[in-house]
Amino acid sequence: MPLSTQSQADDEQYVLVASLDNARNLSNILKAITFKDHAIFNATPNGLKVTVEDSKCLQANAFIQAEIFQEFTIKEDVVGFQVNLTVLLDCLNIFGGSTVPGVSTALRMCYRGYGYPLTLFLEEGGVVTVCKINTQEPEEPIDFEFCSANVTNKVILLSESLKEPFSELDMTSEVLQITMSPSQPYFRLSTFGNSGNAHYDYPKDSEMMELFRCNKTQTNRYKMSLLKPSTKALALSSKVSVRTDSRGFLSLQYLVRNDDGQICFVEYYCCPDEEVE
């Protein structure tokens, strides 16, 4: 890969260097959390965590493990910055995000540290383009305090079983109601729109249900406008874990395979609609 021939001297100045033979493996996962312009990047030796938030009610995280990259070098315990996600995606797709078999855009992403831009070297067919994107000091992400110890209900479904209902959800309904219960209806999605009420039920022994662990009946409503961005992640994923905690907070964790078959995770946290008892 021509980009890897950059001099060692160049690398010395960077606190973070991440290289991919196929830039789509990064751009696809970032598209799954793009619903606001700005994203917080946190890099550790384990990989990249990218966070996008909306009005303290919704948070999306993309986890891209270090092993996904052909090269992942970090010189500090944590490297953090904030960047315009829309601009970053435009740069990653500067060659049109080629889907031609055997043709991919190679990426080398470099960051020198606080105050410096994020530099992208993109190469396709021998042509190298350099993009520099201004960075900002990262804001502290909201801590939704969602921990496994407080999870009351959890199901894991094949994403295929949710794609059709989600595509048919009545968007005139302001909320999506989720019922999880040890007894019937087990797992139910409900909308209340102009055309009436609609329910989608999933039996606990359905072949689409990989795990069913419900301790008590919970019915919570979530603003449809907040959940809508998560459908991007659903479209890319093969499995989804749906969890609620004792407060009714919702975690949607999506398992996404990239073009090379490697696994990444996208997680959405959503607070319940406070207006509903």
Side-chain angles (χ1 to χ4, degrees), residues 1-4 6 11 14-52 60-74 78-112 116-125 127-135 138 229-230 232-238 253-268:
M1 184 171 96
L3 293 186
S4 62
Q6 270 187 286
D11 278 4
Y14 298 122
V15 295
L16 176 68
V17 177
S19 299
L20 281 168
D21 289 342
N22 185 355
R24 280 184 60 197
N25 286 341
L26 180 61
S27 63
N28 280 351
I29 203 89
L30 293 181
K31 282 175 192 169
I33 59 167
T34 305
F35 54 89
K36 287 286 178 182
D37 277 344
H38 286 89
I40 302 160
F41 276 67
N42 259 308
T44 68
N46 294 325
L48 271 182
K49 177 185 177 185
V50 188
T51 303
V52 179
N61 296 294
F63 301 94
I64 306 139
Q65 289 91 326
E67 300 78 51
I68 301 263
F69 297 90
Q70 275 69 53
E71 176 195 3
F72 192 83
T73 305
I74 183 167
V78 179
V79 173
F81 54 88
Q82 191 165 298
V83 74
N84 187 307
L85 193 51
T86 311
V87 172
L88 174 57
L89 279 169
D90 284 346
C91 293
L92 289 175
N93 294 307
I94 207 156
F95 289 108
S98 177
T99 53
V100 179
V103 178
S104 60
T105 302
L107 165 70
R108 187 175 176 80
M109 186 165 65
C110 307
Y111 178 60
R112 282 179 68 170
Y116 285 96
L118 179 66
T119 304
L120 308 181
F121 298 90
L122 294 138
E123 187 265 334
E124 186 176 300
V127 177
V128 177
T129 301
V130 181
C131 303
K132 293 191 176 185
I133 307 169
N134 289 337
T135 60
S230 71
K232 292 179 182 177
L234 177 64
L236 289 171
S237 68
S238 55
Q253 193 176 58
Y254 299 93
L255 185 152
V256 178
R257 289 187 190 278
N258 66 21
D259 287 357
D260 299 327
Q262 298 160 309
I263 290 172
C264 300
F265 289 96
V266 173
E267 187 161 42
Y268 275 81

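Residue numbers count from 1 along this sequence.
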Identify every side-chain donor-acceptor pair in residues 127-134 under 3.5 Å, counting partners at least two apart or on other chains, and give the distances.
none

Any side-chain heavy atom of Leu88 sitting closer than 4.5 Å to one from Phe41? yes

For Asp37, all residues meeting side chain to side chain donor-acceptor pair (under 3.5 Å), sequence neighbours excluded: Thr86

Ion pair present between Glu71 and Arg108, side-chain N to carboxylate O less than 4.0 angstrom? yes

Residue set satisfying side chain to side chain contact (heavy atoms under 4.5 Å, CB included) with Lys232, at least two apart, ordered chain then number -> Thr34

Side chain Tyr14, main chain Ile74, donor-acceptor under 3.5 Å: no

May I have the step-by-step check of side-chain contact (heavy atoms from CB on, under 4.5 Å) for Leu48 and Met109, ending in yes or no? CA-CA 12 Å; Leu48 271 182; Met109 186 165 65; 3.8 Å; yes

Close side-chain approach of Leu16 and Thr73, heavy atoms under 4.5 Å: no

Side-chain donor-acceptor pairs under 3.5 Å in residues 255-267, sequence neighbours left out?
| from | atom 1 | to | atom 2 | distance (Å) |
| --- | --- | --- | --- | --- |
| Arg257 | NH1 | Gly261 | O | 3.4 |
| Asn258 | OD1 | Asp260 | N | 2.8 |
| Asn258 | OD1 | Gly261 | N | 3.1 |
| Asn258 | OD1 | Gln262 | N | 2.9 |
| Asn258 | ND2 | Gln262 | OE1 | 3.0 |
| Asp259 | OD2 | Asn22 | ND2 | 3.3 |
| Asp259 | OD2 | Arg24 | NH1 | 3.4 |
| Asp260 | OD2 | Asn25 | ND2 | 2.9 |
| Glu267 | OE1 | Tyr269 | OH | 3.1 |
| Glu267 | OE2 | Arg243 | NH2 | 2.9 |
| Glu267 | OE2 | Ser251 | OG | 2.9 |

Heavy-atom pair of closest approach, residues Ala66 and Pro45: CB-O, 3.6 Å

Which distance, rounded to the nearest 0.5 Å, do you find between the CG of Leu92 and the CG of Asn28? 10.0 Å

For the atom pair CD (Gln253) and CZ (Phe63), what is the distance rounded to the nearest 0.5 Å? 7.0 Å

Which residues pass the side chain to side chain donor-acceptor pair (under 3.5 Å) test with Asn84, not counting sequence neighbours? none

I'd like to know whether Leu20 forms a side-chain contact (heavy atoms from CB on, under 4.5 Å) with Ile68, so could you lay out the CA-CA distance, the side-chain angles of the two residues, the decisive distance to 0.1 Å, and finally the verdict. CA-CA 8 Å; Leu20 281 168; Ile68 301 263; 4.2 Å; yes

Could you tell me the separation between the OG atom of Ser19 and the CD atom of Glu123, rounded to the nearest 0.5 Å? 11.5 Å

Among residues at least two apart in sequence or on other chains, which ones pass side chain to side chain donor-acceptor pair (under 3.5 Å) with Thr51? Asn61

Heavy-atom pair with the smallest gap, counting every atom of Thr135 and Pro117: CG2-C, 4.1 Å

Does any part of the side chain of Tyr254, heavy atoms only, come nearer than 4.5 Å to the side chain of Leu236, both counted from C-beta? no

So, do His38 and Val52 sit near enough that their side-chain heavy atoms are less than 4.5 Å apart? no

Check whether any side-chain heavy atom of Lys31 sits under 4.5 Å from a side-chain heavy atom of Leu26, and report yes or no. no

Got Tyr111 and Thr119 here, is their nearest side-chain heavy-atom distance under 4.5 Å? no

In Å, rounded to the nearest 0.5 Å, how long is the span from OG1 of Thr44 to CZ of Phe72? 6.5 Å

Tyr268 versus Pro229: any side-chain heavy-atom pair under 4.5 Å? yes

Got Leu120 and Leu118 here, is their nearest side-chain heavy-atom distance under 4.5 Å? yes

